[in-house]
Each structure stands twice: as C-alpha cells, then as structure tokens.
Amino acid sequence: NAGVTQTPKFQVLKTGQSMTLQCAQDMNHNSMYWYRQDPGMGLRLIYYSASEGTTDKGEVPNGYNVSRLNKREFSLRLESAAPSQTSVYFCASSPRVGTGPYEQYFGPGTRLTVT
Amino acid sequence: AQSVTQLDSHVSVSEGTPVLLRCNYSSSYSPSLFWYVQHPNKGLQLLLKYTSAATLVKGINGFEAEFKKSETSFHLTKPSAHMSDAAEYFCVVSVVQGAQKLVFGQGTRLTINP
C-alpha cells in the first residue's frame, strides 16, 4: 500500500496563477483532509470531506476550493494564488469507522511558493 | 472550544538523557489526544494516542505520555534520547463536529546534542 500520496512535491507559482494539488489514498478511508503548515503555527485545517460526496470548510478556507472526486481522491484548488498561500500543504485521511477517535494518516506534503 | 498549547517551542537535550515535551489541553469534555512526530521534510507520523482507556499511554520508539486531568496536561516523555529523535513534535486534540477534526498545537522542535 502506498498510503496517502500527493502531487506535486514542489511547485512555484506567480501571483494570480491557479493550480490544483492532488491527493489520493489507497486505504479505503472515508474521511479526507487538507492542511497547511506554516512556521510556528502547527497545521491548520483548510477543508475536509467527512465522506464521499461531502465537503466542509475548516479553519482557513479562504482562497481555496476542494473536490472529493471519489472515495480515493481529494483535490485542493487555488484559483488565484497569493504570496500568503506560500506554505507546505498536507493531505490526510482517516477511516472513521466505529466510535473513534481516528488516527489520521498523512501524505508527504507539497511545498508551494507563490512569488 | 478545544485547543492545545505546547509550552516549549524548542527543547534541546543531550543524547542519552531524558526527554520531556509539555502539552496542556483545553476541553469541555473528556478529550482524545494524540502526539505526532514530523522528521525534517517528511509527513507526520502518529506516536501515540489517548482514548480514556488508560492514563499512561505507550507509543512507538520508546515514547510515552501521561494524561493528567487535574492538570489538563498530556506531556510526552522518553527515558533516553537518541539522535534519531531529532524532529518536530505536535500535540493534537480531536474535535468531533460532524466529522472528526484534529486541532494541532504549535509544535516543539527537539534537538539532540551528541
């Protein structure tokens, strides 16, 4: 099993450009998440999908959109990138079976720089 | 609102000495708590989790944490540090609002001196 995979690993964008970060998991998990990590701030939740067909905003959703394409895939889109979106982005998934709590499994991250 | 506070942004210890990473939580009910570790340029890996079954929780690589309700703490310890323990450590609380969400502390960077 590959676990949680993310593409690309690195990306440099100019202000105003758009891009989509891809995430896939092969663990048959129900829930998927997108986080951003900035120095000294831990990880902050951008969007999540509790189950296939649903998405909800997290703590810092402004400037982002998401699509839960199917049970395996959850993408994050930046429509018009801004320097404030320079960060490391992590995708995670969790099984959400039973009463929990559920461990989240993380991908390796995408390092995004917006100039 | 549930939250965690990691009391030290950076901890430095010598190899072979004990490690203590401190975490306090805020929760209106019995929380579920986790410690995750992130090695440089890597994703996050679960070290251990507390689910109210036992107050002393053992994790991977010799780490353990003790849940103390009276002190609202969940400190991470290891008796003897190894060079490979150098990483960033995150204390995390679980929030269930429809879906389970994790709320992360700010992180503690652990440095091991030879």
Side-chain angles (χ1 to χ4, degrees), chain A residues 2-6 9-10 23 25 27 29-61 66 68 74 88-111, chain B residues 1-10 21 23-25 27 29-54 57 59-60 65 67 74 87-109:
Chain A
V4 180
T5 57
Q6 294 182 235
K9 286 188 168 50
F10 301 94
C23 174
Q25 52 91 9
M27 297 174 282
H29 286 172
N30 291 312
S31 300
M32 297 185 74
Y33 308 79
W34 276 105
Y35 294 88
R36 60 177 289 172
Q37 182 179 26
D38 302 292
M41 302 187 74
L43 274 71
R44 292 180 292 168
L45 184 63
I46 305 171
Y47 270 93
Y48 65 98
S49 170
S51 59
E52 187 179 356
T54 69
T55 61
D56 283 289
K57 295 178 181 179
E59 182 185 353
V60 288
V66 291
R68 183 76 182 265
F74 188 38
V88 182
Y89 291 85
F90 288 98
C91 178
S93 69
S94 70
R96 195 172 175 245
V97 174
T99 57
Y102 314 112
E103 174 184 354
Q104 289 187 13
Y105 296 77
F106 287 81
T110 295
R111 188 172 296 272
Chain B
Q2 300 200 89
S3 65
V4 289
T5 300
Q6 293 182 243
L7 300 175
D8 306 290
S9 59
H10 183 212
L21 305 184
C23 173
N24 286 353
Y25 69 89
S27 175
Y29 51 88
S30 184
S32 295
L33 295 159
F34 304 79
W35 275 98
Y36 277 83
V37 60
Q38 183 182 29
H39 287 93
N41 300 312
K42 299 288 188 185
L44 281 79
Q45 180 184 19
L46 180 71
L47 272 180
L48 50 82
K49 64 181 177 183
Y50 167 73
T51 60
S52 77
V57 182
I60 61 172
F67 175 76
F74 189 56
E88 184 117 21
Y89 291 80
F90 294 96
C91 182
V92 183
V93 64
S94 170
V95 176
V96 179
Q97 294 173 335
Q100 176 192 266
K101 294 184 282 186
L102 299 183
V103 176
F104 284 74
Q106 301 90 329
T108 298
R109 184 162 58 92

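Note that the structure is a prediction, hence the values are computed from the model and not measured. In the text below, chain A, chain B and the rest are named by the order of the sequence lines, each starting its count at 1. Both backbone and side-chain heavy atoms feed into the values below; hydrogens, waters and symmetry mates do not.
What you find for A:Glu103 and B:Phe34 is that their closest heavy atoms are CA-CE2, 4.2 Å. For A:Gln37 against B:Phe90, the heavy-atom pair with the smallest separation is NE2-CZ, 3.3 Å. Closest approach of B:Lys101 to A:Tyr48, counting heavy atoms only: CD-CE2, 3.5 Å.
Heavy-atom distances place no part of A:Arg44 under 4.5 Å from chain B, backbone and side chain included. Residue A:Leu43 touches chain B through both its backbone and its side chain, counting heavy-atom pairs closer than 4.5 Å. Heavy atoms of B:Gln6 lying under 4.5 Å from chain A are absent altogether. For chain A, the nearby part of B:Lys49 is the side chain; its heavy atoms alone come within less than 4.5 Å.
Residues A:Tyr33 and B:Leu102 fail the side-chain proximity criterion, which asks for heavy atoms closer than 4.5 Å.
Separating the CZ atom in A:Arg111 from the CG atom in B:Asn41 is a distance of 5.5 Å, to the nearest 0.5 Å. One finds the OH atom of A:Tyr35 at 5.0 Å from the CZ atom of B:Phe104 (value rounded to the nearest 0.5 Å).
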